[in-house]
**Student:** 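Attaching a single structure in structure tokens format; questions to follow.
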Number of protein chains: 2
Amino acid sequence: MPKQNTVFKDAYNRCLRLLVVGESLPSEPELCTLLGVSRTTVRSILSQMVEASLIEWNKRSKAVQRSPTKADFFPEHETSSLSEVIERTFMKRILMGGAEPGMQINELELAREIGVGTTSVREFLIRFSRFGLIDKRPNSHWVLKGFTRQFAEELTDVREMFELKSAVAFAGLPSDDAAWTELESLRRAHVEVLADIDRRYLEFSELDDRLHRLIQQASGNRFIIDFYDIIAIVFHYHYQWNKANARERNGKAILEHLDYIEALKTHRPEAVEAACRRHLSSARLSLMQSLSPTAGGI
Amino acid sequence: MPKQNTVFKDAYNRCLRLLVVGESLPSEPELCTLLGVSRTTVRSILSQMVEASLIEWNKRSKAVQRSPTKADFFPEHETSSLSEVIERTFMKRILMGGAEPGMQINELELAREIGVGTTSVREFLIRFSRFGLIDKRPNSHWVLKGFTRQFAEELTDVREMFELKSAVAFAGLPSDDAAWTELESLRRAHVEVLADIDRRYLEFSELDDRLHRLIQQASGNRFIIDFYDIIAIVFHYHYQWNKANARERNGKAILEHLDYIEALKTHRPEAVEAACRRHLSSARLSLMQSLSPTAGGI
DNA sequence: ATACTGCATATTATCGACAAAGAACATCAA
DNA sequence: TTGATGTTCTTTGTCGATAATATGCAGTAT
């Protein structure tokens, strides 16, 4: 099958949530912006909804006939794009399965294992190679460098360099910059989660991602901003499968974030730098501790 | 044609230079390491050389019959891999041709223009995207961000951060590290070129690449080392088509390099930092001046 | 025993093909 | 006249196929 229609299915599911019995759906172009897809896809969705007797569609009128039931939704796993599937499978293998440094990676084998064509796997590996975890031997296999302590150190070294620069730049933003309001709403979100930390500690990952991205943004430097993708993916998958002490770790980190945010608000470079250093070295320590003490792989 | 046999042709050409009439070529495995290809390719080469009456081949004996003539070589342009061809064509387009920021890039069109399949172009664009000059809109085109002053500034900002760190690390290398001997031989090469600068100023690019790579290496950080690829490709293509004041610029840069090298040899961080800063800000200035003063494109 | 050759097999790089998704243009309704 | 719809065309994402290249194994010469 030349192309999975995951864009269609995902948009269809999201469109189901817009249905309100008695009302009519908006115009096609409006649905396009709402769902973030092209008109072609919107029209496929509408046709499908007619088939399912969810709406009656006649030119401009798209009258909703009934509320969607659970059965109307496409199963979740059919809505993620091929590259997402490949990424998940691959990360699982190299972060969990015994993936020793030096191991060879075989495009064909990987493709067969995941059940996709080689092209998709190849493209994924090329994209993934910028994360510094694999190396290509042209005309031959890929070599896994492994998620080692060494890797974590190199990663966090650069991270600290970049984030210090970004944080200082952030502190220097004019007071009317939109980033400040975003920072304030993030601060509130932190406080909310902290108030119910025992039950909501898992929400920290998302806060972490949002805060750090917001800060990198202030650097105005695409290389710094892009580098954060590496941090994000590593932390995302690593902590997804490594939840030891998560409650404690996240609670501590939220407090550090709040300090960090306060420091930013002072606009004082020295204060920002100090708070930034504190948080980052604490993050580094957690990461290091979660890696097996001496061995290479995770 | 599923695969260009450029590996074969390139290795064949290089193998031609190993022929000495009267002698025998080494064993197959030895040729493999010598040429950097697999035994299969080596054996294809040997067969071809038999066809061309260049050698007589019988098991272990590969007696050279005659010296190769110009006509024995494959034309140079058939020896570069597809991705090299695509890279050159593409860089030419975006660094020379009127490539305004915001322009759309079309895989199919690019593929037709270069005369290759879409897959190769796609893979190239994915690999190239890490250089921060293009952005992908999934399910749609790529967007050219353009080789603008803004880009050059972001690039050199990170470069300076990284190289300062690397240079200081270099200064701290133990005296018996192999890097010091490499540095000394590089120094001599600089002096040699400088002595005949009027005729050899074009050799500076290679010296520049070698020196900076050697220094980044000392950081021991894959992200820093990999980042230099971006610098290298940008400088390589940019100055290849922009030779204004090259003699003067390169002469000056060689002197700065010599200072820089001396500073490294002192092992004193402050001296290194000062020389590094001097050279990098001078390099930044040259790059900026070679870009059109205000406009976006090159 | 070691290292090379001969042969068979596996993997990569590249292409063309095709459904899904996007984009362009003509037509039509308010 | 503006904006939505109907229609058509183009491009992307993915696959399978195939030559080029690499790799593994068995036999053979030193």
Side-chain angles (χ1 to χ4, degrees), chain A residues 1-11 26-32 35-47 57-62 81-83 85-86 104-112 115-126 136-142, chain B residues 1-11 26-32 35-47 57-62 81-83 85-86 104-112 115-126 136-142:
Chain A
M1 348 125 197
K3 209 174 181 178
Q4 250 73 1
N5 55 348
T6 60
V7 172
F8 164 77
K9 287 177 177 170
D10 183 54
S27 77
E28 296 176 11
E30 226 167 310
L31 282 170
C32 288
L35 299 171
V37 297
S38 75
R39 253 188 76 218
T40 307
T41 304
V42 163
R43 290 172 65 89
S44 309
I45 292 173
L46 292 174
S47 304
W57 181 25
N58 191 337
K59 315 232 167 168
R60 321 215 153 188
S61 114
K62 297 144 189 126
S81 83
L82 207 22
S83 46
V85 175
I86 296 177
Q104 295 183 8
I105 299 169
N106 185 300
E107 293 175 3
L108 199 54
E109 186 188 312
L110 205 58
R112 278 195 288 246
V116 300
T118 49
T119 314
S120 315
V121 169
R122 255 177 95 75
E123 288 184 4
F124 167 76
L125 291 172
I126 294 172
K136 179 158 183 53
R137 300 292 147 85
N139 286 312
S140 182
H141 50 257
W142 294 76
Chain B
M1 345 123 198
K3 209 174 181 178
Q4 250 72 3
N5 55 349
T6 60
V7 171
F8 165 77
K9 288 177 177 170
D10 183 54
S27 76
E28 296 176 11
E30 224 167 311
L31 281 170
C32 288
L35 299 171
V37 296
S38 76
R39 254 188 75 217
T40 307
T41 303
V42 163
R43 290 171 65 89
S44 308
I45 292 172
L46 293 174
S47 305
W57 181 24
N58 191 340
K59 315 229 166 168
R60 317 211 158 192
S61 115
K62 296 140 190 131
S81 82
L82 207 23
S83 46
V85 175
I86 297 177
Q104 295 183 8
I105 299 170
N106 185 301
E107 294 175 4
L108 198 54
E109 187 189 312
L110 206 57
R112 278 195 288 247
V116 300
T118 50
T119 314
S120 316
V121 169
R122 258 176 91 76
E123 289 184 2
F124 167 76
L125 290 172
I126 294 172
K136 181 163 183 49
R137 301 292 146 85
N139 285 311
S140 183
H141 49 257
W142 294 76

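Order of the sequence lines fixes the chain letters, A, B, ..., with proteins taken first and strands second; residue numbering starts at 1 for each chain. Quick note: numbers below take in every heavy atom, side chains included, and nothing from hydrogens, waters or symmetry partners.
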**Student:** For the side chain of A/E107, starting at C-beta, report the closest nucleotide among D/dG13, C/dT5, C/dA13.
**Tutor:** C/dA13
**Student:** Could you tell me how far apart A/F8 (CZ) and D/dG13 (C1') are, to the nearest whole angstrom?
**Tutor:** 17 Å
**Student:** Using a 3.5 Å distance criterion without hydrogens, assess whether the side chain of B/N106 forms a donor-acceptor pair with backbone atoms of B/E109.
**Tutor:** yes
**Student:** Is there, by distance only and without an angle test, a donor paired with an acceptor across the side chain of B/T40 and the base of D/dT23 below 3.5 Å?
**Tutor:** yes
**Student:** So, applying salt bridge (Lys or Arg N to Asp or Glu O under 4.0 Å) with A/E107, which one of A/R122, A/R112, A/R137 is it?
**Tutor:** A/R122
**Student:** When we call it a touch if two heavy atoms are under 4.0 Å apart, what does A/S27 touch: a base, just sugar-phosphate, or nothing?
**Tutor:** sugar-phosphate
**Student:** What contact category does B/S44 fall into here, base, sugar-phosphate, or nothing, at under 4.0 angstrom with non-hydrogen atoms?
**Tutor:** nothing
**Student:** Give B/K62 one of three labels, base, sugar-phosphate or nothing, depending on what nucleic acid heavy atoms sit under 4.0 Å from its own.
**Tutor:** sugar-phosphate
**Student:** May I have the distance from B/E123 (atom CD) to C/dT12 (atom P), rounded to whole angstrom?
**Tutor:** 12 Å
**Student:** If I take atom CG in residue B/L108 and atom C1' in nucleotide C/dA21, what distance separates them, rounded to the nearest angstrom?
**Tutor:** 15 Å
**Student:** For B/K9, which residues count as a salt bridge (Lys or Arg N to Asp or Glu O under 4.0 Å) partner, sequence neighbours excluded?
**Tutor:** B/E78
**Student:** Considering only D/dC25, D/dA20, D/dT5, which nucleotide approaches the side chain of B/K3 most closely?
**Tutor:** D/dA20
**Student:** For the side chain of B/K59, starting at C-beta, report the closest nucleotide among C/dA21, C/dG6, D/dT7.
**Tutor:** C/dG6
**Student:** Applying side-chain contact (heavy atoms from CB on, under 4.5 Å) to B/V116 and B/Q4, what does each step give before you reach the verdict?
**Tutor:** CA-CA 11 Å; B/V116 300; B/Q4 250 72 3; over 6 Å; no
**Student:** So which one's nearest nucleotide on DNA chain C is more toward 5', A/S140 or B/R60?
**Tutor:** B/R60
**Student:** Given D/dT14, C/dG6, D/dT21, which nucleotide is nearest the side-chain atoms of B/R39?
**Tutor:** C/dG6
**Student:** Please determine whether a side-chain nitrogen or oxygen atom of B/S83 lies at a distance below 4.0 Å from atom OP1 or OP2 of C/dA13.
**Tutor:** no
**Student:** Between C/dT14, D/dG6, C/dG22, which one does the side chain of A/S38 approach most closely?
**Tutor:** C/dG22
**Student:** Any idea which heavy atoms bring B/C32 and B/S38 closest together, and the distance?
**Tutor:** SG-C, 3.6 Å
**Student:** What nucleic acid atoms does A/K136 come within less than 4.0 Å of, heavy atoms only: base, sugar-phosphate, or nothing?
**Tutor:** sugar-phosphate
**Student:** Using a heavy-atom cut-off of 4.0 Å across all strands, would you classify A/R137 as base, sugar-phosphate, or nothing?
**Tutor:** nothing
**Student:** Assign B/T6 to base, sugar-phosphate, or nothing according to its heavy-atom contacts below 4.0 angstrom with the strands shown.
**Tutor:** sugar-phosphate
**Student:** Could you list the residues that satisfy side chain to side chain contact (heavy atoms under 4.5 Å, CB included) with A/S47, not counting sequence neighbours?
**Tutor:** A/W57
**Student:** Students often get this wrong, so: under 4.0 angstrom with heavy atoms, is B/Q4 touching a base, only sugar-phosphate, or nothing?
**Tutor:** sugar-phosphate
**Student:** Between atom CD1 in A/I105 and atom C1' in C/dA10, what is the gap in whole Å?
**Tutor:** 17 Å
**Student:** More 5' along DNA chain C: A/H141 or B/G117, using each one's nearest nucleotide?
**Tutor:** A/H141
**Student:** Nearest to the side chain of A/E28, heavy atoms from C-beta on, is which of D/dT5, D/dA22, D/dA29?
**Tutor:** D/dT5
**Student:** Taking any heavy-atom pair under 4.0 Å as a contact, classify A/T41: base, sugar-phosphate, or nothing.
**Tutor:** sugar-phosphate
**Student:** Counting side-chain heavy atoms from CB outward, which of C/dT14, D/dA22, D/dT14 is closest to B/V7?
**Tutor:** D/dA22
**Student:** To the nearest Å, how far apart are A/W57 CH2 and D/dA4 C1'?
**Tutor:** 12 Å
**Student:** Name the closest nucleotide to the A/P2 side chain, picking from D/dT14, C/dC4, C/dC15.
**Tutor:** D/dT14
**Student:** In this structure, how many angstroms lie between the P atom of C/dA13 and the CD1 atom of B/I86, rounded?
**Tutor:** 13 Å
**Student:** Starting at the 5' end of DNA chain D and moving along, which residue's nearest nucleotide shows up first, A/N139 or B/T119?
**Tutor:** B/T119
**Student:** If you look at every heavy atom in B/K62 and B/E28, which pair is closest and at what distance?
**Tutor:** NZ-N, 3.7 Å
**Student:** Nearest whole angstrom, please: distance from the P of D/dC9 to the CG of B/N106.
**Tutor:** 18 Å
**Student:** Hey, what do you get for CD1 (B/I45) to CG (B/L31), rounding to the nearest 0.5 Å?
**Tutor:** 8.0 Å
**Student:** With respect to the phosphate group of D/dT11, does any side-chain polar atom (N or O) of B/R112 fall under 4.0 Å of OP1 or OP2?
**Tutor:** yes
**Student:** Please give the angle, rounded to 10 degrees, between the axes at the start and the end of the helix from C/dA1-D/dT30 to C/dA30-D/dT1, where five pairs define each axis.
**Tutor:** 30°
**Student:** Atom CD of B/Q104 to atom C1' of C/dA24: distance rounded to whole Å?
**Tutor:** 12 Å
